[in-house]
Protein chains: 2
Amino acid sequence: MLATLRQHGIQPTPQRLAVAKVVLGRDRHPSAEEVWAKVRRRCPTVSRATVYNTLNLFVDKGLLTMQVLREGTAVFDAEVRPHHHFIDERTGRIYDVPWDALQVQGQESLNHYDVRELQVVLRGRRRKE
Amino acid sequence: MLATLRQHGIQPTPQRLAVAKVVLGRDRHPSAEEVWAKVRRRCPTVSRATVYNTLNLFVDKGLLTMQVLREGTAVFDAEVRPHHHFIDERTGRIYDVPWDALQVQGQESLNHYDVRELQVVLRGRRRKE
DNA sequence: TCCTGTCTTAGACTTATTCTAAATTACATG
DNA sequence: CATGTAATTTAGAATAAGTCTAAGACAGGA
């Protein structure tokens, strides 16, 4: 964890480590406020500004990506490699869909656009099971 | 315009007509606040709440779609048929990409998901010309 | 006219996020 | 060790998008 921060050129601090623990852990797609809540369970003095600053820093340094998929809220994704997203209509929950699960064709027809990245955003219902 | 509202089961009022004129006009992908600003140029007494109510009503009635593509802001799109979006990194401007320009394959592999709709979101730079 | 339901309004409220200015900490160097 | 400087963190104010509320305006029917 500490090593991960250093590898990305991020000066480690206790606060940053606490954020990293939450956001690189098991919890997929937390929002900034969710991260703040979790960080404060272990480290109650951490301020909101620090969490936001740290998340933005992590995004700058390529440790996280930020997705604007949910109305009014950005969510953070520890999967920084390209992939797609499925959003459950009922719960609002967001699931990663592996890059190779879908193929997008026809990009070469978009002459006016220099496409640097893309993702497919799917909406629907997750099947119980 | 009036006919359009009626066809969608929307009781026309001066305020709603003013919003419709802006949002079904030449201006692609305005945000709610942008719509409010434009409406007020012709009709300065219209309240913010009315604009938001009206936009949500239009979305309910299928006259518009709402997209959450830009950080912290929903934008409204008069193109209600399925299509994709290209977002210019530099300007933040959003362009519609016709449905048939791209093909997405591999949906049948997503057994856990009942996909009801999808779109491809592309980011990059629009080529000058 | 009166009732009822629909619309609109101003402004308060909420939520997500950024900003600010001050306090704290961490080093590096003399 | 003392100290200056830069980086970091903090609390809280500020901002922005959007919703809610309560009151008033308006329209159409009995």
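Residue numbers begin at 1 in each chain, while the letters A, B, ... track the order of the sequences.
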Specify the separation, in whole Å, of atom [atom1] of [X] and atom [atom2] of [N].
X	N	atom1	atom2	answer
A:W36	D:dG12	CH2	P	10 Å
B:L57	D:dT19	CG	P	13 Å
A:L17	D:dT9	CG	P	10 Å
B:E34	D:dA16	CD	P	13 Å
A:Q11	C:dT24	CD	C1'	15 Å
A:N53	C:dA21	CG	C1'	14 Å
A:F58	D:dT8	CZ	P	12 Å

Of the candidate nucleotides [options], which contains the atom at the shortest distance from the side chain of [X]?
X	options	result
A:T73	C:dA16, D:dC20, D:dG18	C:dA16
A:V46	C:dT17, D:dT10, C:dC27	D:dT10
B:N56	D:dT19, D:dG12, D:dG18	D:dT19
B:A49	D:dT10, D:dG18, C:dG11	C:dG11
A:S47	C:dT9, D:dT10, D:dG18	D:dT10
B:E33	C:dA16, D:dG18, D:dT9	D:dG18

Verify the contact: side-chain N or O of A:Y52 to OP1 or OP2 of C:dT17, cut-off strictly under 4.0 Å; return yes or no. yes
May I ask you to say what [X] touches in the nucleic acid, namely base, sugar-phosphate or nothing, with a heavy-atom cut-off under 4.0 Å?
X	value
B:Q15	sugar-phosphate
A:T45	sugar-phosphate
A:R16	sugar-phosphate
B:T13	sugar-phosphate

What I'd like to find out is whether the side chain of B:H85 reaches to under 4.5 Å of the side chain of B:D77, using heavy atoms alone. yes
Nearest-0.5 Å distance, OG1 of residue A:T50 to CG of residue A:L57: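 Spacing of OG1 (A:T50) from CG (A:L57) equals 11.5 Å.
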Under 3.5 Å: donor-acceptor pair, side chain of A:W36, backbone of A:V46: yes
If only atom types and distance count, is the side chain of A:R16 paired as donor or acceptor with the main-chain N or O of A:Q11 below 3.5 Å? yes
Take B:I10 and B:R48, find for each the nucleotide of DNA chain C with the closest heavy atom, and name the residue whose nucleotide sits nearer the 5' end.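 Going by which nucleotide is closer to the 5' end, it is B:I10.
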With the 4.5 Å side-chain cut-off for hydrophobic clustering, are A:V59 and A:V80 part of the same group?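 Not linked; separate clusters.
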